[in-house]
Amino acid sequence: MNIILLGPPGAGKGTQAQRLVEHYGMRQLSTGDMLRAAVKAGTPVGLQAKAVMERGELVSDEIVSALIGEELDAMGSGVGAIFDGYPRTEAQSASLDDILAARGRKLDHVIELVVDEDALVERITGRFTCAQCGKGYHDKFEQPRQVGVRDKCGSTEFKRRPDDNEATVRTRMAEYRAKTAPILPIYEARGIVARVDGMAEMDHVTAAIESAIGQKVTH
Ligand code: ADP
Ligand code: ADP
C-alpha cells in the first residue's frame, strides 16, 4: 500500500506516519528527514538545501524527487510506503506518479489532515524529537511519560529543529497554501482523498486514518 499524508507544517504527518510504521510495518518516507540528514552530513544536496530550509521555502523539485526515488529503491518492493511531506508541488505530484509506475507501485490513499492554522504555530514551536530514535514529542501535547527520559529507547537527549520558529512557520504555511494545497484536486479527481480532522486527539486521528485505509482495503 502506498499512502500520502498531506497537511501544513505541524498538521501531524510525522506523528501519524510513525504510528502507521509501528502498526503496519510500512516505511515512512519523509523528504524533510532526508534533507536534514543531508544537511547534517554536508553532502552537495545538503549544502544546497540548508539556507532554503532555514528560510522555510521549498527545496527544488528535482532534488526531493531524486531522494524519494533512491529511498524507494533502497527499501525494496514488498514494503508499503507512507509519503510524509512529499509531494509538495504539482511537479512533484507528477514525478511521484512516474516514480511509482516505474517501480510497479500505485497510490492507494491520500490522507488530508485538516487543521486550524492558528493551532499550528503552537504545535510547531513546542515540537521536539528524541535525538536517538527520532520519536516526536510536544511540550504540551505529548511529553515523554517520564519527564526527561524518552519512553522506549531510554534516551535523555532531545532536539529541536532550527526552522521551528514562528517567523519560518509563517513562510512554510504560505508555501503550503500557494504550492501544496493546489495538488489536492489532482487526487480528488481520482477519488482517493480521505479528509481527516487533524485537530482531534492523536489517537482519534490515528483511528480515523486507519478506518480510511481499512475501508478502501476491504472493497
Ligand atoms: P508535521 O509532521 O505535519 O509537521 P508533527 O507530526 O511533527 O507534524 O506534529 C507537530 C507537533 O504537534 C508535534 O510536537 C506533535 O507531538 C504535535 N501533535 C501532532 N498531532 C497532534 C494532535 N492531534 N494534537 C496535539 N498535538 C499534536
Ligand atoms: P514539516 O514537518 O514542518 O511539514 P518538513 O520536515 O516536511 O516540515 O520539511 C522541512 C523543510 O524541508 C521544508 O520547509 C522545506 O524547506 C524542505 N522540504 C521538505 N520536503 C520538501 C519537498 N517535498 N519539497 C520541497 N522542499 C521540501
Side-chain angles (χ1 to χ4, degrees), residues 4-21 28-39 45-46 48-69 71 82-93 95-96 99 111-117 119-130 134-144 151 158-181 183 196-209:
I4 295 175
L5 293 181
L6 202 68
K13 303 181 295 294
T15 302
Q16 297 302 328
Q18 287 179 347
R19 290 167 173 223
L20 294 175
V21 166
Q28 175 185 8
L29 286 89
S30 158
T31 40
D33 286 349
M34 293 173 206
L35 289 167
R36 279 184 288 280
V39 169
V45 162
Q48 242 179 297
K50 188 169 186 283
V52 180
M53 293 171 78
E54 277 167 6
R55 289 196 300 271
E57 294 166 8
L58 293 185
V59 173
S60 83
D61 293 328
E62 292 72 24
I63 286 181
V64 289
S65 292
L67 288 173
I68 285 285
E71 194 87 358
I82 306 159
F83 297 97
D84 160 10
Y86 178 92
R88 261 171 152 99
T89 63
E90 284 182 27
Q92 290 178 27
S93 165
S95 294
L96 180 59
I99 288 168
I111 308 291
E112 182 194 4
L113 290 171
V114 183
V115 282
D116 169 4
E117 273 208 9
L120 296 180
V121 173
E122 186 184 21
R123 280 202 190 173
I124 293 276
T125 51
R127 164 160 74 181
F128 63 97
T129 53
C130 170
K135 161 93 179 78
Y137 292 101
H138 192 278
D139 290 328
K140 191 164 150 191
F141 305 125
E142 199 186 8
Q143 277 281 351
D151 299 333
F158 299 94
K159 56 183 183 185
R160 290 177 193 265
R161 283 168 42 178
D163 60 340
D164 276 352
N165 57 74
E166 181 161 355
T168 309
V169 170
R170 300 272 176 212
T171 307
R172 283 154 63 196
M173 281 180 196
E175 290 280 71
Y176 180 83
R177 268 194 306 267
K179 297 174 187 162
T180 308
I183 70 177
V196 166
D197 176 13
M199 294 309 295
E201 279 181 24
M202 285 178 214
D203 289 349
H204 293 168
V205 179
T206 309
I209 293 173

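Just so it is clear, the model here is predicted, and its values are computed rather than measured. In listed order, ligands and their atoms are each counted from 1.
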Do the side chains of [X] and [Y] get close enough for a salt bridge, i.e. N-O under 4.0 angstrom?
X    : Y    : answer
R177 : E117 : yes
D139 : R127 : no
R172 : D164 : yes
E142 : K135 : yes

| query | Does ligand 2 have any atom sitting under 4.0 Å from a heavy atom of R161? | reply | yes

| query | So is R55 close enough to ligand 2, meaning a heavy atom under 4.0 angstrom away? | reply | no

Show the atoms of ligand 1 that are less than 4.0 angstrom away from any heavy atom in [X].
X    : result
G14  : 1 (P), 2 (O), 6 (O)
G198 : 23 (N)
T15  : 5 (P), 6 (O), 9 (O), 15 (C), 19 (C)

Among all protein heavy atoms, pick out the one at the shortest distance from [atom]; state its residue, atom name and that distance to 0.1 Å.
atom                    : result
atom 26 (N) of ligand 2 : V59 N, 3.0 Å
atom 20 (N) of ligand 2 : T31 OG1, 2.8 Å
atom 24 (N) of ligand 1 : R123 NH2, 3.4 Å
atom 8 (O) of ligand 1  : G12 N, 3.2 Å
atom 27 (C) of ligand 1 : M202 CE, 3.4 Å
atom 15 (C) of ligand 2 : E57 O, 3.3 Å
atom 12 (O) of ligand 2 : M53 CE, 3.4 Å
atom 19 (C) of ligand 2 : R88 NH1, 3.5 Å

Which ligand 2 atoms, with their elements, are less than 4.0 angstrom from a heavy-atom of [X]?
X   : value
Q92 : 22 (C), 23 (N), 24 (N), 25 (C)
K13 : 4 (O)
G85 : 20 (N), 21 (C), 22 (C), 23 (N)
R36 : 6 (O), 10 (C)

Does [X] come within less than 4.0 angstrom of ligand 1, counting non-hydrogen atoms of the residue?
X    : value
A200 : yes
G136 : no
G7   : no

Using 0.5 Å steps for rounding, measure from the [atom1] atom of [X] to the [atom2] atom of [Y].
X    : Y    : atom1 : atom2 : result
I63  : L58  : CD1   : CG    : 12.0 Å
I183 : R88  : CD1   : CZ    : 10.0 Å
E166 : T125 : CD    : OG1   : 7.0 Å
M34  : L67  : CE    : CG    : 6.5 Å
D84  : L29  : CG    : CG    : 9.0 Å
K13  : I4   : NZ    : CD1   : 12.5 Å

| task | Please examine the side chains of V114 and D197, heavy atoms only from C-beta on, and report whether any two atoms are closer than 4.5 Å. | result | no

| task | Check whether any side-chain heavy atom of I111 sits under 4.5 Å from a side-chain heavy atom of Q16, and report yes or no. | result | no

For ligand 1 and [X], I'd like to know whether there is a polar contact (N/O to N/O, distance under 3.5 Å).
X    : value
V205 : no
Q16  : no
M199 : no

| query | Under 4.0 Å from ligand 1, counting heavy atoms only, is it the side chain of A17, its backbone, both or neither? | reply | neither

| field | Full working for side-chain hydrogen bond (donor to acceptor under 3.5 Å, both in side chains) between Y86 and S65 | value | CA-CA 8 Å; Y86 178 92; S65 292; 2.8 Å; yes

Where the side chain of [X] meets the backbone of [Y], is there a donor-acceptor pair that is under 3.5 Å apart?
X    : Y    : answer
H204 : G198 : no
S95  : A91  : yes
R123 : A11  : yes

Report the part of [X] (side chain from C-beta onward, or backbone N, CA, C, O) that has a heavy atom under 4.0 Å from ligand 2; answer both or neither where that applies.
X    : answer
L35  : side chain
L58  : both
R172 : side chain
R127 : side chain

| task | Pick, from F141, Y137, F128, the option with the minimum heavy-atom distance to atom 13 (C) of ligand 1. | result | Y137

| request: For the pair T89 and D61, evaluate side-chain hydrogen bond (donor to acceptor under 3.5 Å, both in side chains) and give the outcome as yes or no after the intermediate values. | output: CA-CA 8 Å; T89 63; D61 293 328; 2.9 Å; yes

